[in-house]
Amino acid sequence: MSNLVNPTQLDAEALYGVLLEQVRSGLAGASNVAIVGIHSGGAWLAERLARDLDLTQRLGVLDVSFYRDDFAQKGLHADVKPTRIAFDVAGATILLVDDVLYTGRTTRAAINELFDYGRPAKIMLAALVDRGERQLPVAADFVAAFTAVPPGQALVLKQAGDKFTLTIDTHHA
């Protein structure tokens with residue numbers, strides 16, 4: 001990773017603008033595009049990207065809780081949300097969106113769940129922030145910033161209205 005940004009200096013709104021332009025450019029010429037956000041921060045970003053890219057009819061949301069490889073150890077979170085995919089995944093170019101890319105395990109779970117809905121032609125990954133420390137060979141196609149977060153802490157995207165903020169949380173890790 002190059003050009004690490006101090007996590008306390010991350011401006012989520014500015015980063016969203018960077019990510020939007022990367023995605024707009026990267027999807028230019030792609031066909032049968034759909035956007036799928038990973039609950040919850042990725043879903044918020046996906047909703048906003050879909051609005052800004054005029055893809056609201058091709059927007060889906062995944063909750064990967066049942067697909068996580070640590071499900072047996074951690075159990076089910078109390079706030080499980082339903083997966084909503086109301087378009088044909090088969091043959092689609094899917095932009096998978098997450099707020100913070102970390103170990104790669106959430107991305108793996110999301111891809112597994114997507115394949116339960118059909119076989120996409122292509123899956124591209126967009127993340128607002130990549131904090132490194134990968135445990136699986138996963139890399140984002142689009143990422144607005146790279147950072148490092150101290151052990152035992154998490155980088156959390158929060159939404160207030162249509163605005164995003166990023167905070168460091170010691171209880172969320």
Side-chain angles (χ1 to χ4, degrees), residues 1-27 34-56 58-65 67-68 70 74 76-85 94-110 113 123-136 138-173:
M1 278 188 282
S2 61
N3 301 328
L4 287 179
V5 178
N6 181 323
T8 62
Q9 297 176 338
L10 293 170
D11 177 342
E13 282 299 312
L15 294 177
Y16 174 78
V18 170
L19 187 65
L20 173 62
E21 289 312 309
Q22 288 179 5
V23 167
R24 188 185 317 269
S25 174
L27 292 178
I35 298 177
V36 177
I38 301 171
H39 178 72
S40 62
W44 301 333
L45 288 166
E47 288 169 8
R48 193 157 159 197
L49 285 167
R51 261 193 329 269
D52 291 343
L53 298 169
D54 197 27
L55 287 167
T56 55
R58 305 269 299 159
L59 171 64
V61 177
L62 293 175
D63 186 323
V64 300
S65 297
Y67 288 79
R68 292 197 53 92
D70 58 1
K74 289 187 176 181
L76 194 58
H77 290 285
D79 64 342
V80 174
K81 305 287 188 224
T83 291
R84 295 184 331 261
I85 297 180
I94 303 289
L95 177 67
L96 185 61
V97 182
D98 204 0
D99 52 353
V100 179
L101 181 55
Y102 181 31
T103 64
R105 293 182 180 280
T106 298
T107 303
R108 183 214 49 86
E113 186 170 358
I123 299 173
M124 300 172 85
L125 178 61
L128 194 63
V129 179
D130 184 336
R131 64 172 279 185
E133 301 180 58
R134 214 73 77 238
Q135 295 173 356
L136 298 174
V138 172
D141 297 280
F142 312 107
V143 63
F146 296 89
T147 193
V149 178
Q153 297 183 358
L155 192 57
V156 179
L157 184 70
K158 296 185 179 186
Q159 183 181 38
D162 200 30
K163 300 290 184 200
F164 298 124
T165 59
L166 281 163
T167 60
I168 296 194
D169 188 345
T170 56
H171 305 294
H172 195 88

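Reckoned from all heavy atoms, side chains included, excluding hydrogens, waters and symmetry mates.
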Tell me whether the count of non-hydrogen atoms from other residues, nucleotides or ligands lying under 6.0 Å of CG in D54 goes above 12. no

So, for L27 and M124, which heavy atoms are closest and what is the spacing to 0.1 Å? CD2-SD, 3.9 Å

Closest approach of D141 and I123, non-hydrogen atoms and distance? OD2-O, 4.3 Å

Apply the test side-chain hydrogen bond (donor to acceptor under 3.5 Å, both in side chains) to residues T103 and E133: give CA-CA distance (whole Å), side-chain angles for both, the deciding distance (0.1 Å), then the verdict. CA-CA 6 Å; T103 64; E133 301 180 58; over 6 Å; no

L95 vs V36 side-chain heavy atoms within contact, under 4.5 Å: no

What salt bridge (charged side-chain N to carboxylate O under 4.0 Å, His left out) pairs are there with at least one residue in residues 5-18, not counting sequence neighbours? E13-R48

Tell me, please, which residues at least two apart from D52 pass side chain to side chain donor-acceptor pair (under 3.5 Å). Y16

Looking only at non-hydrogen atoms, find the nearest pair between V138 and G104 and report the distance. CG2-O, 3.8 Å

Evaluate the criterion side chain to side chain contact (heavy atoms under 4.5 Å, CB included) for residue pair R84 and L59; output intermediate values, then yes/no. CA-CA 9 Å; R84 295 184 331 261; L59 171 64; 5.7 Å; no

Indicate yes or no: at least one non-hydrogen side-chain atom of W44 is less than 4.5 angstrom from one of L157. yes

Minimum heavy-atom distance V64-T106, with the two atoms named: CG2-CG2, 4.0 Å

Report the C-alpha separation of I35 and L53 in whole Å, then their side-chain angles, then the decisive distance to 0.1 Å, and conclude whether the side chain to side chain contact (heavy atoms under 4.5 Å, CB included) test is met. CA-CA 10 Å; I35 298 177; L53 298 169; 4.2 Å; yes

Is the shortest side-chain heavy-atom distance between L62 and H39 below 4.5 Å? no

Give the minimum heavy-atom separation between V23 and A126, together with the two atoms involved. CG2-CB, 4.2 Å

Check: T83 side chain, D63 main-chain N or O, donor-acceptor pair, under 3.5 Å: yes

Would you say that L49 contacts L20 through its side chain, given a criterion of any heavy-atom pair below 4.5 Å between the two side chains? yes

Q22: side-chain contact (heavy atoms from CB on, under 4.5 Å) partners, not counting sequence neighbours: V18, L19, F142

Could you state the interatomic distance from CD1 (I38) to CG (L96), rounded to the nearest 0.5 Å? 4.0 Å

Side-chain heavy-atom pair L15, L10 within 4.5 angstrom cut-off: yes

Decide, yes or no, whether a salt bridge links D162 with R51 under the criterion of side-chain N to carboxylate O below 4.0 Å. yes

